[in-house]
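Numbers here simply count residues along the sequence, with the first being 1.
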Amino acid sequence: MNHASVKSARLARVAKVLSEKREHSTLEIMERCKVAAVSACVSELRCLGAEIACSKRHDGPNGEPRWYYRMTKGPRKNG
């Protein structure tokens, strides 16, 4: 997979939100970081050494699934 560097503004925004070390929903990340493809950003950050867990919960208004991400280790600084 090709991935952007840590210097990418898009990845830096996502990494900053995830650095809060709590769970964030896909929608929250989309809104706060102004990105459309959260899973792609997470995948790119993982390629740069970040450890990001993903969990699925059926807690939407009608029981629909929502995805949540939590970063436990940030990406390499020289990525």
Side-chain angles (χ1 to χ4, degrees):
M1 169 185 191
N2 293 325
H3 56 81
S5 78
V6 171
K7 295 176 184 172
S8 157
R10 174 179 55 90
L11 291 185
R13 289 191 306 268
V14 175
K16 182 177 180 181
V17 167
L18 291 175
S19 71
E20 295 172 358
K21 306 242 190 248
R22 65 174 182 84
E23 284 190 327
H24 298 276
S25 70
T26 302
L27 181 60
E28 178 187 358
I29 296 168
M30 289 173 68
E31 290 174 346
R32 288 182 62 188
C33 301
K34 307 294 187 238
V35 295
V38 172
S39 61
C41 293
V42 167
S43 181
E44 291 181 75
L45 288 168
R46 286 176 175 152
C47 286
L48 295 167
E51 293 178 9
I52 303 170
C54 180
S55 62
K56 178 179 166 182
R57 296 197 299 258
H58 293 271
D59 60 357
N62 298 310
E64 67 271 8
R66 290 185 180 174
W67 295 91
Y68 293 85
Y69 298 91
R70 178 192 304 257
M71 184 166 68
T72 56
K73 178 185 169 194
R76 294 183 302 275
K77 300 294 182 197
N78 62 353

Looking at residues at least two apart in the chain, or sitting in another chain, which of them share a salt bridge (Lys or Arg N to Asp or Glu O under 4.0 Å) with Arg70?
none
Between His24, Lys34, Arg13, which is the residue that forms a side-chain contact (heavy atoms from CB on, under 4.5 Å) with Ile29?
His24
Holding to salt bridge (Lys or Arg N to Asp or Glu O under 4.0 Å), I want the full list of residues that pass it with Arg32, two or more places apart in sequence or in another chain.
Glu20, Glu28
What's the separation between atom CG in Leu11 and atom NZ in Lys16, rounded to the nearest 0.5 Å?
15.0 Å
Among residues at least two apart in sequence or on other chains, which ones pass salt bridge (Lys or Arg N to Asp or Glu O under 4.0 Å) with Glu64?
none
Spatial distance of atom OH (Tyr68) from atom CG (Asp59) [nearest 0.5 Å]:
3.5 Å
With sequence neighbours left out, what residues match Ser55 under side chain to side chain donor-acceptor pair (under 3.5 Å)?
Glu23
Kindly give the heavy-atom pair with the smallest separation between Arg10 and Cys41, and that separation in Å.
NH1-SG, 3.3 Å
Pairing residues for Lys56 by the side chain to side chain contact (heavy atoms under 4.5 Å, CB included) criterion, not counting sequence neighbours
His58, Pro65, Trp67
Atom of Ala50, atom of Met71 and distance for their closest heavy-atom approach
CB-SD, 4.1 Å
For Ala40, is there any backbone N or O sitting under 3.5 Å from a side-chain donor or acceptor partner on Ser43?
no
Using modelled atom types only, decide if a donor and an acceptor are shared between the side chain of Lys21 and the backbone of Leu18 within a distance under 3.5 Å.
no
Could you walk me through whether Val14 and Val38 pass the side-chain contact (heavy atoms from CB on, under 4.5 Å) test, one step at a time?
CA-CA 8 Å; Val14 175; Val38 172; 5.7 Å; no
Tell me the closest heavy-atom pair linking Pro75 and Leu45, and the distance in Å.
CG-CD2, 4.0 Å
Who are the side chain to side chain contact (heavy atoms under 4.5 Å, CB included) partners of Arg46, not counting sequence neighbours?
Val42, Ile52, Cys54
